[in-house]
Structures are given as C-alpha cells and as structure tokens.
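Following: one structure in structure tokens, then a few remarks.
Lettering of chains follows the sequences in order, A, B, ..., and the numbering in each one begins at 1.
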There are 2 protein chains.
Amino acid sequence: MDAQTVESLAGFLKALGEVNRLSLVCQLCDCSTPQNAMCLCECCSVDSSGVSRHLKVLSKENIVSVEKRGRERSYSLNRSYVASQLRVLAQKIEETGMEEES
Amino acid sequence: MDAQTVESLAGFLKALGEVNRLSLVCQLCDCSTPQNAMCLCECCSVDSSGVSRHLKVLSKENIVSVEKRGRERSYSLNRSYVASQLRVLAQKIEETGMEEES
DNA sequence: TGCATATTTGCGCAAGTATGCAAATATAAA
DNA sequence: TTTATATTTGCATACTTGCGCAAATATGCA
C-alpha cells in the first residue's frame, strides 16, 4: 500500500472518526430516503452551520452525495462505496504480509 | 446503534485516521512477526517519541498489542479485532434502516 | 418585489493534537 | 557498577479542528 493510498485512506477514516459526523452517517444510514440538513441537524448536537460543515467534509470524502432540490439539499449515504472502502482495509489488515502463520 | 457505540467507534476510526498512525498499522500489517518501536520508526516521518505516542493511542484503542521483551517492546497488530470492527461498520452501513429498496 | 426558509461562509475562540527536543526511566550487557 | 540502548514523558510550539453566532447567499412562494 503506497504512501498516497495510505494518505487518502487516512482522510477517509478521519472524516468518519468524529462523533458528530459519524452520528450523521448513522442517521443517514437509517434513512431509506435522502435527508436535508435541517432534518439531520436533530441527530447531533450541532447547529445548522456545523452540520453544513460536517456534511461538506463527508461529501469531500465521497461518503455522502448531495442533490440540490430547490432551496434544500438532499443528502444520501454512498453505502456501497463506504462499505467497500472499509472492507478493503479489513481484508488488507487480515492478511499477513508473508504467509508464515497458520 | 446507540450513542455510546457511535462514540467508541468514532474513537477507533479516529485512531486509524491519522496518516502516521495508519502508516504504522500498515507497516505492522506487512510484518509477520512483532516489531519494536525503533524499527517501526523508519516507516513514518516521526521520531521515536512520536512513534511511542502514536503506538500508545493505537494500543489504547486495542488496535495493537504490546509485549514487553527486555528493554524493547514488541508491537503486533490485532488483526482480527480491527478487521471485525471495520466489517461490522461496513455491514451496518450497507443495510438500509427500513427494507424499502430492492 | 418582498418575505420566509435552507444553507453556506467569515470570524473568533477554545480545545485538541502532532511534533521535536531534552530529560527521565528501564533494562540488558560489559 | 558503568555504559549503552529502547522507550516514555514533560514541555513548548505550531497547527488543526469543532463550535456558535451573525451575516451572506440561494431559492421558493405570496
């Protein structure tokens, strides 16, 4: 895993590794339809500007997608991308560098 | 997923979401035998005290295990724990709250 | 056009974090 | 005991980050 990959993966994990952002992700996770920011506001103890910033971080890391809808924005979780990123890392971590055990 | 779970999961991801710490984890990942801190020092651009601190964070999150060996400490990756944590999140994220799609 | 609502952005602040250096500690080996 | 090596810790510093507030922006609607 080269340096650049590590760096971008770190960015991804860092985006998820903040309580309120992870709460937002979990909230989105439980919704079957896209949500706007005002609605997401309620799940974490942050005002709307804070939520806006958190969502920006998440979308920059491709964790959520945004869709403009009139004066609102609909956010939805990029489920398969996020899950696959996590699984790739899980797999990498589980396999030994040199197959010398087992 | 209750608030406490989210919080501890965030801590776990945060520990992984720092470039140098993730580099250490990757380094350990590629090693089939436990490594000491001096050796791990080489894989990231941080001096030994920094590595010591990073490893402390990682072990606090149960990402690595430490074993005292004379004046050295041997660090090894808790592969199955880390992988399972990542997979649990991946699974949670992939499943819709209400089964309304597909 | 004028008002209401949703979201973003500038600003400042407080807290957290990563880092290197030097000193302290621990322990093996001479 | 003395010396050398590995690791930790205190300290200062620079940087980052999360936050709320207020103002700005965008857009729908009357």
_Does C:dT7 have OP1 or OP2 under 4.0 Å away from a side-chain N or O of A:S52?_
no
*For C:dT5, does OP1 or OP2 lie under 4.0 Å from any side-chain N or O of A:N36?*
no
_Interatomic spacing from NZ in A:K14 to CD in A:E7 - rounded to 0.5 Å_ = 10.0 Å
_Interatomic distance, A:R87 atom CZ to B:E94 atom CD [nearest 0.5 angstrom]_ = 4.5 Å
*Rounded distance (Å) that lies between atom P of D:dT8 and atom NZ of B:K60*: 16 Å
_A:C26 side, atom SG; B:I93 side, atom CD1 - distance, nearest 0.5 Å_ = 7.0 Å
*How long is the line joining CG of A:L55 and P of C:dT8, in whole Å?*
7 Å
Between protein and nucleic acid, restricted to nucleotides 10-15 of chain C and to nitrogen or oxygen atoms under 3.5 Å apart, what atom pairs and distances do you find?
residue, atom, partner, partner atom, Å
C:dG10, O6, A:R53, NH2, 2.6

_Value in whole Å for how far the P atom of C:dT8 lies from CE of A:M38_ = 11 Å
_Return the OH to CD1 distance between B:Y81 and B:I63, rounded to the nearest 0.5 Å._
7.5 Å
*Shortest non-hydrogen contact from A:L16 toward A:L22*: O-CB, 3.4 Å
*NA contact type, B:S45, heavy-atom cut-off 4.0 Å: base, sugar-phosphate, or nothing?*
sugar-phosphate
*Which is it for B:V82 and B:N62 under the side-chain contact (heavy atoms from CB on, under 4.5 Å) test, yes or no, and what are the steps along the way?*
CA-CA 8 Å; B:V82 176; B:N62 199 29; over 6 Å; no
*Closer than 4.0 Å, any side-chain N/O of A:K14 to the OP1 or OP2 of D:dT16?*
no
*Is there a donor in the side chain of A:S65 and an acceptor in the side chain of A:N78, or the other way round, less than 3.5 Å apart?*
yes
*Ignoring backbone atoms, establish whether B:H54 has a side-chain N or O less than 4.0 Å from OP1 or OP2 of C:dT17.*
no
*Whole angstrom value for the distance that separates C1' of C:dT7 from CD of A:E67*: 16 Å
*Kindly say whether A:C29 contributes a backbone atom to a donor-acceptor pair with the side chain of A:R79 at under 3.5 angstrom?*
yes
Nucleotide N/O to protein N/O under 3.5 Å, stretch nucleotides 24-30 of chain C:
residue, atom, partner, partner atom, Å
C:dT27, OP1, B:K68, NZ, 3.0

_Using the rule that Ile, Leu, Val, Met, Phe, Trp and Tyr join whenever any side-chain heavy atoms are under 4.5 Å apart, tell me whether A:V66 and A:V46 fall into a single cluster._
yes
_I need the CD-P distance between A:E7 and C:dA18, as an integer number of Å._
15 Å
*What integer distance in Å separates A:K56:NZ from D:dG18:C1'?*
15 Å
*5'-most contact on DNA chain D: B:Q35 or A:G50, nearest heavy atom basis?*
B:Q35
*Assign A:V46 to base, sugar-phosphate, or nothing according to its heavy-atom contacts below 4.0 angstrom with the strands shown.*
sugar-phosphate
*How long is the gap from CG on A:L28 to CG on A:L58, to the nearest 0.5 Å?*
8.0 Å
*Given C:dT19, D:dT8, D:dA6, which nucleotide is nearest the side-chain atoms of B:E18?*
C:dT19
_Without decimals, in angstroms, what is the distance between B:L24 CG and C:dT19 C1'?_
14 Å
*What integer distance in Å separates A:L58:CG from C:dT8:P?*
12 Å
